[in-house]
Amino acid sequence: MRARVGHAQSALENLRKYMDCTLQNGFHVNGPQTRKELSDYNSMRAFTLEGNFGAAQAVHDMLLQSWGARVRIFPATPEEWEDVSFSHFRAEGGYIVDAERIGGKTVQVEITSTADQVLRLKDPFDNREFESNLSLKRTGDDELQCRLKQGQTLSLVLAGAKE
């Protein structure tokens with residue numbers, strides 16, 4: 001939930017608390033939570049499997065969000081994740097997204113549409129200059145729009161990033 005509201009550091013802190021109670025096999029155990037006063041549950045043997053899916057989704061939400069018909073790249077990326085990338089993440093609306101961040105700045109984004117539609121994208125470069133392979137329309141301070149055909153890819157690169 002912290003990632004969904006853009007609170008990157010507290011999202012990472014909560015993820016670390018979760019992982020601190022996870023065994024090498026990936027099972028989350030409830031007993032260690034009790035000893036850390038994170039839970040009132042007192043069984044050492046109980047474990048949860050479904051929590052792992054929530055943890056994976058938390059990481060996804062830190063890297064990509066697409067609610068409200070708008071795609072957001074690195075919306076809740078912690079400071080420690082200066083260099084991070086992802087490939088072939090799915091966004092609502094039928095988009096396949098790849099992105100790369102170096103030195104705390106987004107340097108490259110590729111978005112492929114699986115349908116004919118208008119992409120609404122929060123500016124992943126925070127108003128810094130970038131190059132695009134397709135024509136974009138800026139609406140407001142932080143939104144970019146582009147009409148994409150099925151199978152078409154929008155490629156964005158931070159100006160000077162590939163030199």
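Quick note: residue numbers are just sequence positions, from 1. Computed from a predicted structure; not experimentally measured.
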Identify the two heavy atoms, one from L158 and one from E129, that lie closest to each other, and give their separation to 0.1 Å.
CD1-O, 3.3 Å
Ring centroid separation F125 to F74 under 6.0 Å:
no
Pairwise distance OG1(T112) to CG(L154) - rounded to 0.5 angstrom
9.0 Å
Is a donor on one side and an acceptor on the other found under 3.5 Å between the side chain of S66 and the backbone of E92?
yes
Determine, using the 4.5 Å side-chain heavy-atom cutoff (strictly less than), whether V97 and L134 are members of one ILVMFWY cluster.
yes
Verdict with supporting geometry, V109 and E100, side chain to side chain contact (heavy atoms under 4.5 Å, CB included)
CA-CA 7 Å; V109 173; E100 181 178 17; over 6 Å; no
Do I102 and I73 land in one hydrophobic cluster if side-chain heavy atoms of ILVMFWY residues count as linked below 4.5 Å?
yes
Check G104 against R101 and note the closest heavy-atom contact, atom names and distance.
O-NH2, 2.9 Å
Roughly how far, to the nearest 0.5 Å, is OG1 of T77 from CE of M62?
7.0 Å
Between L144 and F130, does a side chain to side chain contact (heavy atoms under 4.5 Å, CB included) hold up when you go through it step by step?
CA-CA 12 Å; L144 307 170; F130 62 90; 3.7 Å; yes
Is there a donor-acceptor pair closer than 3.5 Å between any side-chain N or O of D98 and the backbone N or O of E110?
no
Sidechain-backbone polar pair: D116 side chain, Q150 backbone, donor-acceptor under 3.5 Å
yes
Hey, any chance F89 and I96 share a hydrophobic cluster, counting ILVMFWY side chains that come within less than 4.5 Å of each other, even indirectly?
no
Please check if the side chain of D142 supplies one atom and the backbone of D123 the other of a donor-acceptor pair under 3.5 Å.
no
Could you please spell out the steps behind the side chain to side chain contact (heavy atoms under 4.5 Å, CB included) verdict for T153 and I111?
CA-CA 5 Å; T153 300; I111 301 174; over 6 Å; no
Do D126 and K105 meet the salt-bridge criterion of a basic N to acidic O distance under 4.0 Å?
no
Would you give the length of the straight line joining atom CG of L156 to atom CD of Q108, rounded to the nearest 0.5 angstrom?
9.0 Å
May I have the step-by-step check of side chain to side chain contact (heavy atoms under 4.5 Å, CB included) for V84 and L63, ending in yes or no?
CA-CA 9 Å; V84 63; L63 301 174; 4.0 Å; yes
Okay, side chain of Q152, backbone of L148: is any donor-acceptor separation there less than 3.5 Å?
no
Please check this pair: side chain of D83 against backbone of G103, looking for a donor-acceptor N/O pair closer than 3.5 Å.
yes
How far apart are the C-alpha atoms of Q145 and E143, what are their side-chain angles, what is the distance that settles it, and do they pass the side-chain hydrogen bond (donor to acceptor under 3.5 Å, both in side chains) test?
CA-CA 7 Å; Q145 290 186 3; E143 184 170 289; 2.9 Å; yes
Side-chain donor or acceptor of R72 paired with backbone N/O of R70 under 3.5 Å
yes
